[in-house]
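This report concerns only the one structure given below.
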Amino acid sequence: MIETRPTLVVAISSRALFDLDESHRVFEEQGVDAYHEYQIQHEEDILKPGVAFSLVRKLLNLNDLFQGRVKVEVVLLSRNSADTGLRVFNSIEHHGLDITRAAFTGGRSPFEYASVLDAHLFLSADSEDVARALKAGVAAATITPASPGDEITAEQDQPDQLRIAFDGDAVLFSDEAERIYRQQGLEAFEASEKAAARRPLEAGPFRRFLEVLHQLQSLAPEGTAPIRTALVTARGAPAHERVIRTLRTWGIRIDEALFLGGMDKSAFLKAFQADIFFDDQTHHVESAAQFVPAGHVPHGVANKA
C-alpha cells in the first residue's frame, strides 16, 4: 500500500544519539580491534543520552502528538559493525526509542544511505560524513558535543513541543548575500539586499527540511502546536525585507524571526529553548552550544578553505 501521510525521515549517527566519547577514545588511542573488544565487553552497559537524544525523542513523539496523521521516522546510520552495534540497539531499546531501521557499515562512511533513504536531515558527529551528505543534496549538520558546564538540559515551558532554529544565509538560503558581505563589506551588503528586496533568495540546503516541518505544522490538531520554528539571523534592517518576502514566496511560515543586527545569538536561542540550532559558521555554533544543541552546516563561502 502506498504511504499517503506526510513523512519526515531523519538519519542520525550513533555518536550524535548517544554519549560514545569513552569508547571513541578507545578507538582513537588503541585502534579498531581494541574498540571492537571494548564494545562487546560493555554491550549490556546502557549508553547515556548524547547531544541529539532529546531531539530524537521529540521527533518520534510527533507520531503520537499528530495522532497518526503524519509519519516521522528516525534511522540510525553508524560506522560500527553489526557486532559492535549491538550495544547501541540495546541502548535504543532501554530508552524506549521507536527506532527499528539501522545501517552498520563496519567503518565505511554511511552518508550514502542518507540519500538512499531520501532523508530530510542527517545528523552526525563526523564532519566528513556531513560534508559529503550535503554535496549529495541532503540537509546535514555536524553535532557539536556538549562541554562541561553547558546548560542544555534546562526544562522547557512546553516540554513536548519540538523547537528548531535556523540561521538564514547558507542554511535556509543560498550564500549569495553572504558572499557580497565578505567581499565588499556591510554597507555594500545592505545596499545590495535593499535593492534586491523583491527578488527571492535562492534556496539553501535546509529549505526542503523546513518545508516538511511546515507541512507537518499545517496538519497539527486544532489548538496545539507540536512544532515551533525560528529564524535567528545576524541580519538587521534593511536586509530583513528580502528574507521575509522570500519565505512568503516559498509559502512557508516561520513562527519566530529574530533579526539581530550582528548581536550574539546564544542568549536568544536559550530564550527560545531550541532543541537544535543550525548555522553555517562555527563560532555561532560553538557559542550556541553552551546553551542548546547546535549543528554546524559546512556549506557556503564561510566554509571555503
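No hydrogens, no waters, no symmetry mates; every other heavy atom, side chains included, goes into these values. Small disclaimer: the values here were computed from a predicted structure and weren't measured.
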Pair S266-D264, side-chain donor/acceptor within less than 3.5 Å: yes

Looking at R101, I want to see if its CZ is surrounded by more than 12 non-hydrogen atoms of other residues, nucleotides or ligands under 6.0 Å. no

Look at the side chain of T7 and the backbone N and O of R5, then say whether any donor-acceptor pair between them is shorter than 3.5 Å. yes

To the nearest 0.5 Å, what is the distance between OG on S78 and CD1 on I12? 11.5 Å

Side chains of L216 and I227 in contact at under 4.5 Å (non-hydrogen atoms): yes

ILVMFWY cluster, L62 and L60 together (side-chain gap under 4.5 Å): yes

Do the side-chain N and O atoms of R163 and Q273 include a donor-acceptor pair separated by under 3.5 angstrom? yes

Do Q39 and E43 pair up side chain to side chain, a donor and an acceptor below 3.5 Å, judged on atom types alone? no

Decide yes or no on salt bridge (Lys or Arg N to Asp or Glu O under 4.0 Å) for E178 and R235, but give the supporting numbers first. CA-CA 10 Å; E178 179 72 15; R235 285 174 178 249; over 6 Å; no

Are more than 12 heavy atoms from other residues, nucleotides or ligands located less than 6.0 Å from atom CD of E187? no

What is the ring orientation for F206 with F278, classed by angle as parallel under 30°, tilted 30 to 60°, or perpendicular over 60°? tilted

Quick one: does T84's side chain have a donor or acceptor within less than 3.5 Å of a partner on S81's backbone? yes

Is there a donor-acceptor pair closer than 3.5 Å between any side-chain N or O of Q290 and the backbone N or O of S287? yes

Provide the closest heavy-atom pair for V9 versus D118 in the form atom of the first, atom of the second, distance. CB-O, 4.4 Å

In terms of ring plane angle, is the pair F104 and F89 parallel, tilted or perpendicular, where the classes change at 30° and 60°? perpendicular

Shortest non-hydrogen separation from L210 to L172 and the atoms involved: CD2-CD2, 3.8 Å

Does any non-hydrogen side-chain atom of L134 lie less than 4.5 Å from one of P298? yes

Tell me if a side-chain donor or acceptor on K58 pairs with a main-chain N or O of Q161 at a distance below 3.5 Å. yes

Any donor-acceptor N/O pair, R69 side chain to L219 backbone, under 3.5 Å: yes

For a ring-ring contact (aromatic ring centres under 6.0 Å, His included) check, start with the C-alpha distance between F122 and F111, then their side-chain angles and the critical distance, and finish with the verdict. CA-CA 8 Å; F122 174 50; F111 87 93; 8.1 Å; no

Determine whether the side chains of Q281 and D167 contain a donor N or O and an acceptor N or O closer than 3.5 Å. no

Polar side-chain atom of N90 near backbone of E44 as donor-acceptor pair, under 3.5 Å: no

Inter-residue atom distance T246.OG1 - E241.CD, 0.5 Å rounding: 10.0 Å

L97, I276: one ILVMFWY side-chain cluster at the under-4.5 Å cut-off? yes

If you apply the rule side chain to side chain contact (heavy atoms under 4.5 Å, CB included), what do you find for V10 with E73, and how did you get there? CA-CA 6 Å; V10 175; E73 183 175 19; over 6 Å; no

Using the rule given for ring-ring contact (aromatic ring centres under 6.0 Å, His included), can you reason through H95 versus F53, listing the C-alpha separation, both sets of side-chain angles and the distance that settles it, and then say yes or no? CA-CA 10 Å; H95 289 290; F53 181 91; 5.0 Å; yes

Run K48 and D21 through salt bridge (Lys or Arg N to Asp or Glu O under 4.0 Å) and show every step you take. CA-CA 10 Å; K48 295 179 181 180; D21 286 352; over 6 Å; no

Roughly how far, to the nearest 0.5 Å, is the CG atom of L17 from the OG atom of S54? 11.0 Å

Check: E211 and I252 side chains under 4.5 Å, non-hydrogen atoms: yes

If you define the side chain from C-beta out and look only at heavy atoms, does anything of I46 sit under 4.5 Å from R87? no

Taking the side chain as everything from C-beta on, heavy atoms only, tell me whether R79 gets closer than 4.5 Å to S109. yes

We want to know whether E22 and Y38 form a side-chain donor-acceptor pair, criterion being a heavy-atom distance below 3.5 angstrom. yes

Can you tell me how far apart CG (L231) and CZ (F166) are? Round to the nearest 0.5 Å. 9.5 Å

Main-chain N/O of D280 paired to N303 side chain as donor or acceptor, under 3.5 Å: yes

Can you tell which of V301, L201, D169 makes a side chain to side chain contact (heavy atoms under 4.5 Å, CB included) with D175? V301

The reported gap from OG1 in T249 to CD1 in I244 (rounded to nearest 0.5 angstrom) is 12.0 Å

Going through the distances and angles, do H296 and D279 end up as a side chain to side chain donor-acceptor pair (under 3.5 Å)? CA-CA 5 Å; H296 176 232; D279 199 292; over 6 Å; no

Same cluster or not: are L47 and V26 linked, directly or through other Ile, Leu, Val, Met, Phe, Trp or Tyr residues, by side-chain heavy atoms under 4.5 angstrom apart? no

Let me see the working for E202 and R242 under salt bridge (Lys or Arg N to Asp or Glu O under 4.0 Å), right down to the final yes or no. CA-CA 11 Å; E202 296 294 327; R242 191 179 185 193; over 6 Å; no

S23 side chain vs L20 backbone, donor-acceptor pair below 3.5 Å: yes

ILVMFWY cluster, F173 and F209 together (side-chain gap under 4.5 Å): yes

Check the surroundings of atom CD in E256: do more than 12 heavy atoms from other residues, nucleotides or ligands lie under 6.0 Å from it? yes

Quick check on the hydrophobic clustering: are I92 and L86 connected, directly or via other members, by side-chain heavy-atom contacts under 4.5 Å? no

Please report the interatomic distance CG(L269) to CG(D275), rounded to the nearest 0.5 Å. 11.5 Å

Side chain to side chain contact (heavy atoms under 4.5 Å, CB included) evaluation trace for L8 with L213: CA-CA 8 Å; L8 171 64; L213 290 177; 4.3 Å; yes

Residue pair L76 / V88, side-chain heavy-atom distance below 4.5 Å: yes

L186 versus Y181: any side-chain heavy-atom pair under 4.5 Å? yes

Other residues, nucleotides and ligands only: do more than 12 of their heavy atoms fall within 6.0 Å of CZ on F27? no

Could you tell me if N80 and Y35 have a donor-acceptor pair between their side chains, going purely by distance under 3.5 Å? yes

